[in-house]
Amino acid sequence: MSKLERPENNPENEKQKHWNETVARIEKTVDGLGHPIDGGIKETVIGLNALGINTTASCEGHADRGIAAPWIYIETEEAAESSNVSRKKLKNTASDEEKRGIWHEHHERLNQAKEKGLELMKKMMNYLESFYKDRAVPFDTRLILESFADGARLQNQGTLLQKFADEETKIKKLAEYQAEMRIFVEFLKQKFFEET
């Protein structure tokens, strides 16, 4: 066997195969309106999913609409599925009693998935801690997790303040926040290919 040939069970080949499969899956992902994942956040979504961190929504950030900062919503597959099932059931339900029952079932499923969700959050916090270990950036630029009942949103610390910024500041900060997310994805790629 030459030096260039590698056996099929080589861990490096398996890593690259998993990465490529994740890329292919994310490339096919669309939102409820049929729009693909924003190009400016797609690589971060790929990196997180390749590392086993399930994402359910994202945006690269836009100065003229929505939130003027990039963000990614993270939740367990179980929590995401429970939300989807509950939404579909609620659409076809008229009575308040049935709706209460659906929400009760949904919250029971979320409670059952909570331990997995906490493991996911711990894993994500470890990545952020490692990323910022020797990295100094302005406080508002740092990536954080904003917790919600069924998951968390990865975003810059100053994300919510963008709503009150003047146009010039909003555009400047959006570029800084997007740059921080791009640097983070390079870190994620490195972590993915280093981990065994």
Side-chain angles (χ1 to χ4, degrees), residues 11-32 37-38 41-60 67 69-89 102-135 137 139 141-160 177 180-196:
E12 288 180 25
N13 290 343
E14 290 302 312
K15 283 281 192 181
Q16 190 61 56
K17 181 181 174 190
H18 179 68
W19 184 269
N20 293 345
E21 289 169 352
T22 304
V23 169
R25 182 172 52 85
I26 298 301
E27 287 289 342
K28 294 176 191 171
T29 302
V30 294
D31 65 16
I37 294 173
D38 289 344
I41 199 74
K42 189 183 299 182
E43 283 192 70
T44 312
V45 170
I46 290 167
L48 290 170
N49 280 273
L51 286 162
I53 297 172
N54 191 57
T55 64
T56 56
S58 62
C59 182
E60 66 187 8
I67 300 173
W71 57 267
I72 301 173
Y73 199 79
I74 296 165
E75 65 182 332
T76 64
E77 290 179 28
E78 294 83 359
E81 181 60 25
S82 178
S83 296
N84 289 336
V85 167
S86 297
R87 278 189 211 102
K88 286 177 186 173
K89 284 182 177 180
I102 291 167
W103 280 117
H104 178 73
E105 288 173 17
H106 173 66
H107 288 288
E108 284 297 314
R109 288 191 301 266
L110 286 182
N111 283 334
Q112 291 170 4
K114 193 169 261 185
E115 190 170 323
K116 270 188 165 181
L118 293 174
E119 289 171 15
L120 191 67
M121 300 312 297
K122 183 178 179 184
K123 185 176 184 180
M124 191 65 215
M125 288 171 65
N126 287 338
Y127 285 131
L128 288 170
E129 183 177 7
S130 180
F131 179 61
Y132 285 111
K133 184 177 181 209
D134 298 315
R135 181 170 173 70
V137 295
F139 187 69
T141 303
R142 284 180 73 101
L143 294 170
I144 62 162
L145 291 174
E146 181 180 9
S147 294
F148 294 95
D150 56 350
R153 189 167 61 195
L154 175 67
Q155 64 187 27
N156 304 86
Q157 178 70 38
T159 293
L160 299 179
Y177 296 169
E180 186 71 357
M181 194 67 83
R182 284 191 301 273
I183 294 166
F184 184 59
V185 76
E186 292 307 317
F187 166 84
L188 293 176
K189 285 180 188 176
Q190 182 181 351
K191 283 292 181 192
F192 175 80
F193 286 103
E194 281 177 359
E195 289 182 358
T196 55

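Below, each value reflects all heavy atoms present in this structure, side chains not excepted, and no hydrogens, waters or symmetry copies. Remember, predicted model here, so these are calculated numbers, not experimental data.
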Where is the tightest heavy-atom contact between Gly151 and Glu75, given as atom of each residue plus distance? CA-CB, 4.1 Å
For Ala50 and His18, work out which heavy atoms get closest and say how close. O-NE2, 3.1 Å
Measure the shortest side-chain to side-chain distance between Gln16 and Phe193 over non-hydrogen atoms and say whether it is less than 4.5 angstrom. yes
Looking at residues at least two apart in the chain, or sitting in another chain, which of them share a salt bridge (Lys or Arg N to Asp or Glu O under 4.0 Å) with Glu21? none
Does any non-hydrogen side-chain atom of Asn156 lie less than 4.5 Å from one of Pro70? yes
Partner set under side chain to side chain donor-acceptor pair (under 3.5 Å) for Asp38, not counting sequence neighbours: His62
At what distance, to the nearest 0.5 angstrom, does OG1 of Thr44 lie from CD1 of Ile72? 5.0 Å
Distance-minimising heavy-atom pair for Gly47 and Leu188: C-CD1, 4.2 Å
Charged N-O contact under 4.0 Å between Glu186 and Lys189: yes
Go through the steps to decide whether Leu160 and Glu146 satisfy the test side chain to side chain contact (heavy atoms under 4.5 Å, CB included), and finish with yes or no. CA-CA 11 Å; Leu160 299 179; Glu146 181 180 9; 4.1 Å; yes
Taking side chain to side chain contact (heavy atoms under 4.5 Å, CB included) as the definition, give me every residue that meets it alongside Ile53, ordered by chain and number, with sequence neighbours left out. Leu48, Ile74, Leu120, Lys123, Met124, Tyr127
Minimum heavy-atom separation for Tyr73 and Trp71, please, with both atom names. N-CE3, 3.9 Å
Not counting sequence neighbours, which residues clear salt bridge (Lys or Arg N to Asp or Glu O under 4.0 Å) with Glu60? List them please. none
Filter on salt bridge (charged side-chain N to carboxylate O under 4.0 Å, His left out), then keep only pairs touching residues 45-57, sequence neighbours left out; what's left? none
Do the non-hydrogen side-chain atoms of Lys122 and Leu118 ever get within less than 4.5 Å of each other? no
Side chain to side chain donor-acceptor pair (under 3.5 Å) partners for Asn126, two or more places apart: none
Side-chain heavy atoms of Asn54 within contact of Asn49, under 4.5 Å: yes
Not counting sequence neighbours, which residues clear side chain to side chain contact (heavy atoms under 4.5 Å, CB included) with Arg142? List them please. Tyr132, Val137, Phe139
Quick one: side chain to side chain donor-acceptor pair (under 3.5 Å) partners of Arg25, sequence neighbours excluded? none
Check the pair Glu180 / Gln157 against side chain to side chain contact (heavy atoms under 4.5 Å, CB included), numbers first and verdict last. CA-CA 11 Å; Glu180 186 71 357; Gln157 178 70 38; over 6 Å; no
Check: Ile67 and Gln155 side chains under 4.5 Å, non-hydrogen atoms: no
For Phe187, what residues pass the ring-ring contact (aromatic ring centres under 6.0 Å, His included) criterion, not counting sequence neighbours? Phe131, Phe184
Holding to side chain to side chain contact (heavy atoms under 4.5 Å, CB included), I want the full list of residues that pass it with Val23, two or more places apart in sequence or in another chain. Trp19, Glu27, Ile46
Nearest heavy-atom approach of Ser58 to Ile37 is OG-CG2, 3.7 Å
Supply the atom-to-atom distance Ile26 CD1 to Ile41 CD1, rounded to the nearest 0.5 angstrom. 12.0 Å
Which atom of Ala69 lies closest to which atom of Tyr177, heavy atoms considered: CB-CD1, 3.7 Å
For a 4.5 angstrom cut-off between non-hydrogen side-chain atoms, does Ile183 reach Arg135? yes
Contacts of Thr141 that satisfy side chain to side chain donor-acceptor pair (under 3.5 Å) - sequence neighbours left out: none
Heavy atoms, side chains only, cut-off 4.5 Å: are Leu143 and Leu154 in contact? yes
